Trainee: 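First the structure, which I've put down as structure tokens, then a few questions once you've had a look.
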Amino acid sequence: MTHSPTITVPSRLSAALSFWRRADPIQKLAILVAVGLIGMALFAPLLAPFEPNSQSLISRLRPPLGFERAKAGYLLGTDELGRDVLSRSLYGLRLTLMLAVLGASLGLVIGGVLGLLAGIVGGRTEAAIMAAVDTQIAMPFTLIALFLLAILGSSIEVIVLVLGLYGWEQYARIVRAEVRRMMKMPFIEAARAAGASPLRIAHHHLLPNIVSPIVVQFTLSLSNIVLLESTLSFLGLGVQPPTATLGSMVGIGRDFMPTAPWIVMVPAVMILLITFAVQILGDWLRDGADVRLRAR
Amino acid sequence: MLSYSLRTLTRMALTFLAIITIVFFATRLSGNAIDFVVGENITSEDRDLLIAYYELDKPVFAQYLAFLKSFTDGQFGLSFIERRPVSEIVVERLWPSAQLLLSAMALTLLVSLPLGIAAAIWRKSWVGSAVMVLAFLGYAVPNFVLAVVMVLIFSYWLNWLPVVGNGTPWHFIMPTIAMAGVLIAALTRFTRNAMLDVLGQDYMRTARAKGLPESRVILKHGLRNAGITILSVVGLQVAGLAAAGSVVIEAIFAWPGIGDLLVNAALRRDYPVLQFGVVTVALAVIVINAAVDLAYAWADPRLRQTVNA
């Protein structure tokens with residue numbers, strides 16, 4: 001018998017409003033940037049004036065509107081194959097964000113399950129899982145990603161898998177620590193005495209209590225995964241051409257930088273905006289979730 | 001102290017074994033590695049010779065043992081592309097990487113220690129906020145974007161600095177800055193927090209009450225104590241960040257180091273080089289981490305005593 005609290009639409013709206021009012025100007029800017037980027041990613045097919053991969057050889061390397069030789073319709077210029085930079089950036093943003101969300105979610109599931117297992121079962125299982133966590137912490141992830149992509153190939157599935165391995169050890173650590181702390185609490189003991197199964201305890205009693213540290217970790221790893229994916233695509237090991245991601249646009253556009261810097265600048269600015277917004281919002285969430293800071 | 005060192009060394013060896021095991025089985029997952037390099041124009045005899053040479057016809061476990069054995073006799077195989085021993089190829093790349101890493105570390109320490117201390121002392125004034133904003137920006141700007149923008153401005157527009165290679169001191173400027181960027185951000189934040197913890201301690205008041213000059217109070221009594229905490233982050237975060245950074249930065253500036261080698265080996269599927277290169281970097285990271293761990297235990301008298309007891 002579960003009583004989920006019914007949240008009516010107006011009260012949700014007012015909660016969002018009070019959230020907005022408590023933000024300082026930089027945080028407000030970060031919220032606007034985040035909403036804008038998510039909107040652009042979601043509605044990329046509607047917003048993009050051209051197909052992202054359609055080439056036009058007569059309008060190659062045209063600068064953004066307002067510069068000499070600009071071509072009407074191509075707002076932010078064209079690349080070396082005459083593809084619209086704006087359209088490619090929008091689709092690239094969409095793919096980059098999609099990969100980051102998928103990867104961060106996969107990492108959460110892998111790490112969360114292992115952390116729960118370690119915390120609840122204990123003993124050898126816990127020792128083995130934590131040894132794996134220590135090994136992972138000691139290894140720079142870029143190296144692992146480079147290696148896996150080289151041997152498994154750069155298909156979208158492999159990329160999601162590789163990005164999904166990022167950060168599992170952090171989730172595992174957090175979840176295990178919280179679970180162990182919580183297992184000593186009276187309400188868990190009471191549930192166990194009442195005959196609840198371990199699965200039920202995990203789902204009904206533990207999960208709701210570890211949501212907030214996990215949300216904070218999720219934001220941090222989201223911004224790191226955006227950087228990781230961009231870096232790999234930049235190096236030519238991520239999503240393969242002609243599909244655009246922000247990183248590969250910077251990587252390929254680099255060769256045309258002396259004559260056509262806009263090919264690099266547009267996706268680079270988008271990457272900066274993503275990391276800026278996520279970092280600010282992540283800091284804010286962390287401060288909100290940290291009870292010690294809140295008390296000050 | 002001795003048992004602590006032994007524990008650190010054992011953990012180091014186990015981590016290393018785990019990594020080479022993972023590296024080995026991951027390569028074998030991808031099927032027949034030979035297929036990627038020999039291509040179409042090769043006779044079946046040559047193909048069989050190559051398979052026999054790389055022992056790809058043996059059972060997986062025998063291959064694994066042969067792989068482990070290569071670490072004792074120093075024979076790590078030939079590069080698919082250059083056809084010479086991978087150990088030779090990797091060793092050539094170590095010194096340039098070390099040079100870049102050392103200059104990036106030097107820049108990081110020179111910039112972030114003073115900035116971190118200043119941000120802690122003048123926490124409430126504009127100095128503190130300005131430093132923290134800078135540190136934040138350093139965190140938010142990815143190193144490859146920083147590198148590309150620098151190349152655009154200083155090489156293509158102003159024509160001041162060279163882009164490719166490591167021939168002259170001028171070649172060091174941009175790669176060093178690009179690599180140090182995120183390290184500076186991390187270490188500045190950390191130095192500030194460590195100094196803030198220390199500045200509130202009683203012994204600082206004592207030192208001031210003795211009439212010591214402020215600079216001496218901050219540097220001798222403050223920084224020395226904060227230094228222990230700072231050291232731990234230099235090891236843990238910096239080794240990882242530097243390894244990741246050197247891959248990207250060296251690839252951008254065609255720096256003849258091990259990061260550039262790894263990226264090219266990955267792009268051209270030169271497995272022996274990739275395998276050995278990854279293992280080498282992993283070993284370097286593990287050794288640095290262990291060294292910092294030991295230095296940390298040695299530098300902190302409190303820890304030294306508890307581990308002795």
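Note that this is a predicted model, so its numbers are computed, not measured. Residue numbering restarts at 1 for every chain, and letters A, B, ... go by the order of the sequence lines.
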Trainee: Give, as side chain, backbone, both or neither, the part of A:S230 having an atom under 4.5 angstrom from any heavy atom of chain B.
Mentor: both
Trainee: Looking at B:L14, B:V23, B:I19, B:N143, which has the largest count of heavy-atom pairs under 4.5 Å with chain A?
Mentor: B:V23
Trainee: In terms of heavy-atom proximity below 4.5 Å to chain B, should A:L232 be classed as side chain, backbone, both, or neither?
Mentor: neither
Trainee: Is there any residue in residues 252-263 of chain B with a non-hydrogen atom under 4.5 Å from a non-hydrogen atom of chain A, and which ones are they?
Mentor: B:I252, B:L262, B:V263
Trainee: Hey, which of A:L148, A:L228, A:T231, A:V264 has the most heavy atom pairs under 4.5 Å with chain B?
Mentor: A:T231
Trainee: Restricting to non-hydrogen atoms, name the atom on B:P142 and the atom on A:I271 that form the minimum distance, rounded to 0.1 Å.
Mentor: CG-CG2, 3.7 Å
Trainee: Against chain A, work out which of B:A18, B:A251, B:A266 has the most heavy-atom pairs shorter than 4.5 Å and name it.
Mentor: B:A266
Trainee: Quick one: are A:V250 and B:V148 in side-chain contact, heavy atoms under 4.5 Å?
Mentor: yes
Trainee: Just wondering, are more than 12 heavy atoms of other shown residues or ligands nearer than 6.0 Å to CD1 in A:I26?
Mentor: no
Trainee: Of the backbone (N, CA, C, O) and the side chain (C-beta and beyond), which part of B:F136 lies under 4.5 Å from a heavy atom of chain A, both, or neither?
Mentor: side chain
Trainee: What residues of residues 278-287 of chain B make heavy-atom contacts with chain A at a cutoff under 4.5 angstrom?
Mentor: B:V278, B:V281, B:A282, B:V285
Trainee: In terms of heavy-atom proximity below 4.5 Å to chain B, should A:F234 be classed as side chain, backbone, both, or neither?
Mentor: side chain
Trainee: Could you check if a side-chain atom of B:L152 sits within less than 4.5 angstrom of a side-chain atom of A:M265, using non-hydrogen atoms only?
Mentor: yes
Trainee: Select one option (side chain, backbone, both, neither) describing which atoms of A:L146 are under 4.5 Å from chain B's heavy atoms.
Mentor: both
Trainee: Any non-hydrogen side-chain atom of B:V141 less than 4.5 Å from a side-chain atom of A:T275?
Mentor: no
Trainee: Return the minimal non-hydrogen interatomic distance between B:Y156 and A:M257, and the atom names on each side.
Mentor: CE1-CE, 3.5 Å
Trainee: Is it the backbone or the side chain of B:V145 that comes under 4.5 Å from a heavy atom of chain A, or both, or neither?
Mentor: side chain
Trainee: Surrounding CZ of B:R93 (heavy atoms of other residues, nucleotides or ligands, distance under 6.0 Å), is the total greater than 12?
Mentor: yes
